[in-house]
Amino acid sequence: MANREKNKKTLLELVKLPENSCCADCGAADPDWASCTLGIFVCLNCSGTHRNLPSVSRIKSIRLDFWDDELVQFMKANGNRAAKNFYEKFVPVFYYQPQPDDCEVLREQWIRAKYERMEFTEEKTERPYTAGVYEGMLWKKGKDNGQFLERKFVLSVHDFTLKYYKEDESKGPKATISVKDLNATFQPEKIGHAYGLQITYCVDDHTRNLFVYHKNGREIVNWFNAIRAIRHVYLKTAFPTASDGDLIPWITRRYLKEGYMEKTGPLQREPFKKRWFILDSLDRKLLYFKTRLDAIELGVVFIGSESHGYSVRECVPKGTRGNKWKCGVIVETPDRQFVFMCEQERDQREWVEALKTVISKPMMPQDYTSKIITLLIRCAN
């Protein structure tokens, strides 16, 4: 008969080993659950996805459930490292592997790809997102009316473009987007759909947004990784001497901070207006839009480094008018002072910390080009 306490102690010792101390799927620390059929330790969130794969994975709590001796021995013989070596042996370098705070669809499709579809166990497994051309229908938010309409999208590595079409394809694409500055990030809460994706690109040095979704989780994640695949090829072509480690952060990225703040003009006598802000830490840009689902930016603030005269601090500005919110943030640049107002002190602290993160980073050579373009846009506006 199994010794319950002994087996529990063994499992707790196993999960403390370096190779098992983080979730096998998202990397969250201190996993409390295990798949006794796959031999891996996972976090609570990932365990939920495993429960939806009963033919592949059987989940048990390492602290609360009863474990037979045979299952404990199986866990000892396997573990996260062995599973990674088998199930993730041929993961493409561009394929996005979810982090603990990523949205559910990324986590679910990563787990299904590994254990259900076994996409990465063989080198030549057919993966549609690596074909060089990816096309299909996506629901796209209209620029003006806000309705989501089904549109055909075509992503091609041959000319490094993403195109989308209206109903009559014979008239050609509605837009042809270069992948040079293309970014994609999951935004389920902002878009209001569990499989919502925000695609961002540049036109005439201005930022544009497309908000799309697909009704199938696997399909929208395929689109995301197809964009990452073509971006990886483009970056390898543009920077042939750069390593994959250098390029991966630039393939796609999540924004460091997003949210509403109130903004005033350069004289600080203009009424405050509520705007949606996005902080892109890699491009060192603080973009702002009228609403969170706007297609076109209203403006952009370049965020340089501390050594170049940039700083940020909390404040309670005096003499302002029109502001409904009272928690101030001041960004000092060599050219002017920007004043923003946050609704809550928590928002104020988070914005200050996020901006400090960017300001504390030294500027790279490409950042100077970005700064010049930002100044030209501000002058044009």
Using distance alone, with no hydrogens and no angle criterion, decide if E258 and Q187 have a side-chain donor and acceptor under 3.5 Å apart.
yes
Please say whether the positively charged group of R336, taken as NZ for Lys or CZ for Arg, lies over the ring of F338, i.e. under 6.0 angstrom from the six-membered ring centre and within 45 degrees of the axis.
yes
Any C43 side-chain heavy atom under 4.5 Å of C26 side chain
yes
Can you tell me if N209 and D294 form a side-chain donor-acceptor pair at under 3.5 Å?
no
Would you check if the distance from the ring center of Y164 to the ring center of F153 is below 6.0 Å?
yes
Between the side chains of E332 and R313, is the shortest nitrogen-to-carboxylate-oxygen separation below 4.0 Å, so that they form an ion pair?
yes
Within 45 degrees of the axis of the six-membered ring of W276 and under 6.0 Å from its centre: does K290 put its NZ or CZ there?
no
Look at the aromatic rings of Y95 and W110 and report parallel, tilted or perpendicular, splitting at 30° and 60°.
tilted
Is any side-chain heavy atom of N216 closer than 4.5 Å to one of I220?
no
Give me the ring orientation class for W223 and Y134: parallel if the planes are under 30° apart, tilted from 30 to 60°, perpendicular past 60°.
perpendicular
For F224, give me all partners under ring-ring contact (aromatic ring centres under 6.0 Å, His included), at least two apart in sequence or on another chain.
Y96, F186
Determine whether the aromatic ring centres of F120 and F90 lie less than 6.0 Å apart.
no
Knowing that exactly one of T10, N7, L12 qualifies, which makes a side-chain contact (heavy atoms from CB on, under 4.5 Å) with I62?
L12
Within 45 degrees of the axis of the six-membered ring of W67 and under 6.0 Å from its centre: does K60 put its NZ or CZ there?
yes
